[in-house]
Amino acid sequence: MTHTPRQADYWQAVYDEGNPGWDKGAPAPPLQRVLAHVAPPAGTTALVPGCGFGHEALMLARIGYQVTAVDFALAAIAGLQARAGDLPVKAVQADLFGLADAYPEAFDLVVEHTCFCAIPVEMRDEYARVMARVLRAEGQFLGLFYETERESGPPFRTTREDVERHFSPHFEIRQISRPPDSFAGREDREWLALMRKKSDG
Ligand SMILES: C[S@@+](CC[C@H](N)C(=O)[O-])C[C@H]1O[C@@H](n2cnc3c(N)ncnc32)[C@H](O)[C@@H]1O
């Protein structure tokens, strides 16, 4: 059987090999910096797509968000559950491309970290569309995008232009910049983007 990155089996196999290369064991510092200093109003909901072991999801729960974290690899969801303790994170094993139907306009915030680069390029328009559909009116999308020129991934080609092109039909891109506090080894290889869902997005 052939596994492709569009299938959970592909990612599960990477987890099964142990020590997935992207996992840093902690939430990404740029996302912590942007999010951690302000507690959200009670009941604010957040989605983390392609959550992996869920370091960002757990950070959001600690800050006070009601968090739903989604990954289609069982090992990712099991890893998140093992780390969650009493934190209120809903860990969902699902293909993120089904989220628009499962969670229409359900979230105030989406936070992604190295998910877009895991999505085959031909699926990116749909990815951005789904992210807009799960957000409430004027919902925010905060993404930390791993930059690469590689065509054959994952990680698949991700440039600033790719991010702008795929998200701009649905989102107003309010800010996109190089974060000063990337993990070691990812300096000058990331884009931090804050976007707001367009009223017609
Ligand atoms: C590069 S990893 C990043 C994990 C995590 N965000 C992090 O930064 O540690 C990409 C994750 O996205 C998940 N993923 C890829 N395509 C997916 C899809 N269509 N639906 C749900 N999860 C997906 C993979 O299983 C994997 O856990």
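The structure presented is a predicted model; accordingly, all values stated were derived computationally and were not measured. In listed order, ligands and their atoms are each counted from 1. All residue numbers in this chain count up from 1 along the given sequence.
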Distances under 3.5 Å, N/O of ligand 1 against N/O of the protein: list each pair and its distance.
| residue | atom | partner | partner atom | Å |
| --- | --- | --- | --- | --- |
| ligand 1 | 6 (N) | Gly50 | O | 2.8 |
| ligand 1 | 6 (N) | His113 | O | 2.7 |
| ligand 1 | 8 (O) | His113 | O | 3.2 |
| ligand 1 | 8 (O) | His113 | ND1 | 3.1 |
| ligand 1 | 8 (O) | Thr114 | OG1 | 2.7 |
| ligand 1 | 19 (N) | Arg6 | NH1 | 3.4 |
| ligand 1 | 19 (N) | Asp95 | OD1 | 3.0 |
| ligand 1 | 20 (N) | Leu96 | N | 2.9 |
| ligand 1 | 22 (N) | Phe72 | N | 3.2 |
| ligand 1 | 25 (O) | Asp71 | OD1 | 2.6 |
| ligand 1 | 27 (O) | Tyr15 | OH | 2.6 |
| ligand 1 | 27 (O) | Asp71 | OD1 | 3.3 |
| ligand 1 | 27 (O) | Asp71 | OD2 | 2.6 |

Test: Arg83 cationic atom under 6.0 Å from Phe53 six-membered ring centre, within 45° of axis
yes
Residues that Arg62 engages under salt bridge (Lys or Arg N to Asp or Glu O under 4.0 Å), provided they are two or more places apart
none
So is Arg196 actually on top of Phe171's ring, under 6.0 Å and inside 45° of the axis?
no
Aromatic plane relationship, His113 with Phe183 - under 30° parallel, 30 to 60° tilted, over 60° perpendicular:
tilted
Hey, are Glu126 and Arg133 close enough for a salt bridge, meaning a charged N less than 4.0 Å from a carboxylate O?
no
Start with the C-alpha distance between Arg136 and Glu105, add both sets of side-chain angles, then the distance that settles salt bridge (Lys or Arg N to Asp or Glu O under 4.0 Å), and finish with yes or no.
CA-CA 4 Å; Arg136 299 201 172 106; Glu105 301 195 1; over 6 Å; no
